A.B. asks: 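Below you will find the structure I want to go over with you.
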Amino acid sequence: MTRPEPAAAGPGALPRRKLPRSFYEQDTLTAAPALLGKLLVHRVGRTERVGRIVEVEAYLGPHDLAAHSSRGRTARTAIMFGPPGHAYVYMIYGLHFCMNVVTEPEGHAAAVLLRALEPVANIEGRTSGPALLCKALAIDKGLNGHDLLSDDLYIADAPPLPPRAIARRPRIGVAYAGHYWARRLLRFYERGNLHVSRA
DNA sequence: CTCCGGATTCGT
DNA sequence: CGAATCCGGAGT
């Protein structure tokens, strides 16, 4: 047949194709659910760790009181104000890292937090939870600001999930942002997926 | 400079 | 439910 078939890949596997810059430049409310099902790839040397994104949260911009950018442009949040398609990685509670992808045109400080992955290749340990995900894929602050159109850290395309397969819930751990922003349905996950951090 | 608390996780 | 453990952001 004409379609290339990766030898070690399972049935239905598709060739890996990086998401283009235009994907990240989209409206965050569009990009966040569209990231579900896509493949996060981190390559270190010959080891390529891959996970399928199954849970995300949208952080809309400085007006979103749960977003780090709501405190304004600082050394830490500068990446969020920068061009789309870059990784925003920060340390949390002094011991963990969380990874976001920067969305929307430069100057609009929005991002999507990656909360859970389904293991695909070379994954050790759990991937359900934003910090566990980073640990399993060896993602730390050294990757803050990294271009997601690079060859060692990127997201590969995959067919979008049908709308009915996507659940919308309030974000986790943002009660400090007040009722409005804490209650908004900005967490998206694949319904029924066992790797989601919290149903 | 000091102080407070966090987009978490794990063990009790 | 509290500890772990560091740093960003705010206030003095």
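Model, not experiment: these values are computed from the prediction. Naming: A, B, ... by sequence-line order, numbering from 1 per chain.
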A.B. asks: Under the side-chain hydrogen bond (donor to acceptor under 3.5 Å, both in side chains) definition, can you give me all pairs with a residue in residues 164-177 of chain A, not counting sequence neighbours?
C.D. replies: Asp64(A)-Arg171(A)

A.B. asks: Rounded to whole angstrom units, what separation is found between the CG atom of Leu95(A) and the P atom of dT9(B)?
C.D. replies: 10 Å

A.B. asks: When both hydrogen-bonding distances must be under 3.5 Å and the geometry is Watson-Crick or G-U wobble, what is dT5(C) paired with, if anything?
C.D. replies: none

A.B. asks: For dA7(B), which nucleotide in any strand shown is its Watson-Crick or wobble partner with both distances under 3.5 Å?
C.D. replies: none

A.B. asks: Kindly say if His68(A) contacts the phosphate of dA7(B), meaning a side-chain N or O under 4.0 Å from OP1 or OP2.
C.D. replies: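 It does, given that an N or O in the side chain of His68(A) lies less than 4.0 Å from OP1 or OP2 of dA7(B).
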
A.B. asks: What contact category does Lys141(A) fall into here, base, sugar-phosphate, or nothing, at under 4.0 angstrom with non-hydrogen atoms?
C.D. replies: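 Sugar-phosphate: the residue Lys141(A), judged by heavy atoms under 4.0 Å, touches backbone atoms but no base.
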
A.B. asks: If I take atom NZ in residue Lys135(A) and atom C1' in nucleotide dA4(C), what distance separates them, rounded to the nearest angstrom?
C.D. replies: 13 Å

A.B. asks: Between Ser150(A) (side chain only) and Leu153(A) (backbone N and O only), is there a donor and an acceptor less than 3.5 Å apart?
C.D. replies: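 The answer is yes, because a donor-acceptor pair under 3.5 Å joins these two groups.
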
A.B. asks: For the pair made of CE in Met99(A) and P in dT8(B), what is the distance, rounded to whole Å?
C.D. replies: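 From Met99(A) CE to dT8(B) P: 16 Å.
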
A.B. asks: Identify whether Leu113(A) and Ile53(A) are in the same connected component of the hydrophobic contact network (ILVMFWY, side-chain heavy atoms under 4.5 Å).
C.D. replies: no

A.B. asks: Just wondering, do Leu185(A) and Pro170(A) contact through their side chains at under 4.5 Å, heavy atoms?
C.D. replies: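 Yes. Closest side-chain heavy atoms under 4.5 Å.
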
A.B. asks: Rounded to whole angstroms, how far apart are CZ on Phe97(A) and P on dC6(C)?
C.D. replies: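 These atoms are roughly 11 Å apart.
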
A.B. asks: For dA7(B), does either OP1 or OP2 sit under 4.0 Å from a side-chain N or O belonging to Arg187(A)?
C.D. replies: no

A.B. asks: Between the base of dA7(B) and the ring of Tyr59(A) - centre-to-centre under 5.5 Å, planes within under 30° - is that a stack?
C.D. replies: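 Yes, Tyr59(A) stacks on the base of dA7(B), since the ring centres sit under 5.5 Å apart and the planes are within 30°.
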
A.B. asks: Side-chain N or O of Thr74(A) less than 4.0 angstrom from OP1 or OP2 on dG8(C)?
C.D. replies: no

A.B. asks: Taking any heavy-atom pair under 4.0 Å as a contact, classify Arg198(A): base, sugar-phosphate, or nothing.
C.D. replies: nothing

A.B. asks: Hey, is the side chain of Arg115(A) poking within less than 4.0 Å of OP1 or OP2 on dA7(B), counting only N and O atoms?
C.D. replies: no

A.B. asks: Between atom NE2 in His96(A) and atom C1' in dC7(C), what is the gap in whole Å?
C.D. replies: 14 Å

A.B. asks: Measure CD1/Ile92(A) against P/dG9(C) and give the value in whole Å, please.
C.D. replies: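 Distance check: Ile92(A) CD1 to dG9(C) P gives 12 Å.
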
A.B. asks: Please determine whether the number of non-hydrogen atoms from other residues, nucleotides or ligands lying under 6.0 Å from atom CZ of Arg191(A) exceeds 12.
C.D. replies: yes

A.B. asks: When all nucleic acid strands are considered with a 4.0 Å heavy-atom cut-off, which category describes Ala66(A): base, sugar-phosphate, or nothing?
C.D. replies: base

A.B. asks: Picking from dA7(B), dG6(B), dA10(C), which would you name as closest to the side chain of Arg71(A)?
C.D. replies: dA10(C)

A.B. asks: How close or far is atom P of dG8(C) from atom OH of Tyr88(A), stated in whole angstroms?
C.D. replies: 10 Å

A.B. asks: May I have the distance from Arg73(A) (atom CZ) to dA10(C) (atom C1'), rounded to whole angstrom?
C.D. replies: 20 Å

A.B. asks: If you assign each of Tyr93(A) and Gly72(A) to its closest nucleotide in DNA chain C, which residue comes earlier from the 5' end?
C.D. replies: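 Counting from the 5' end, the first nearest nucleotide belongs to Tyr93(A).
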
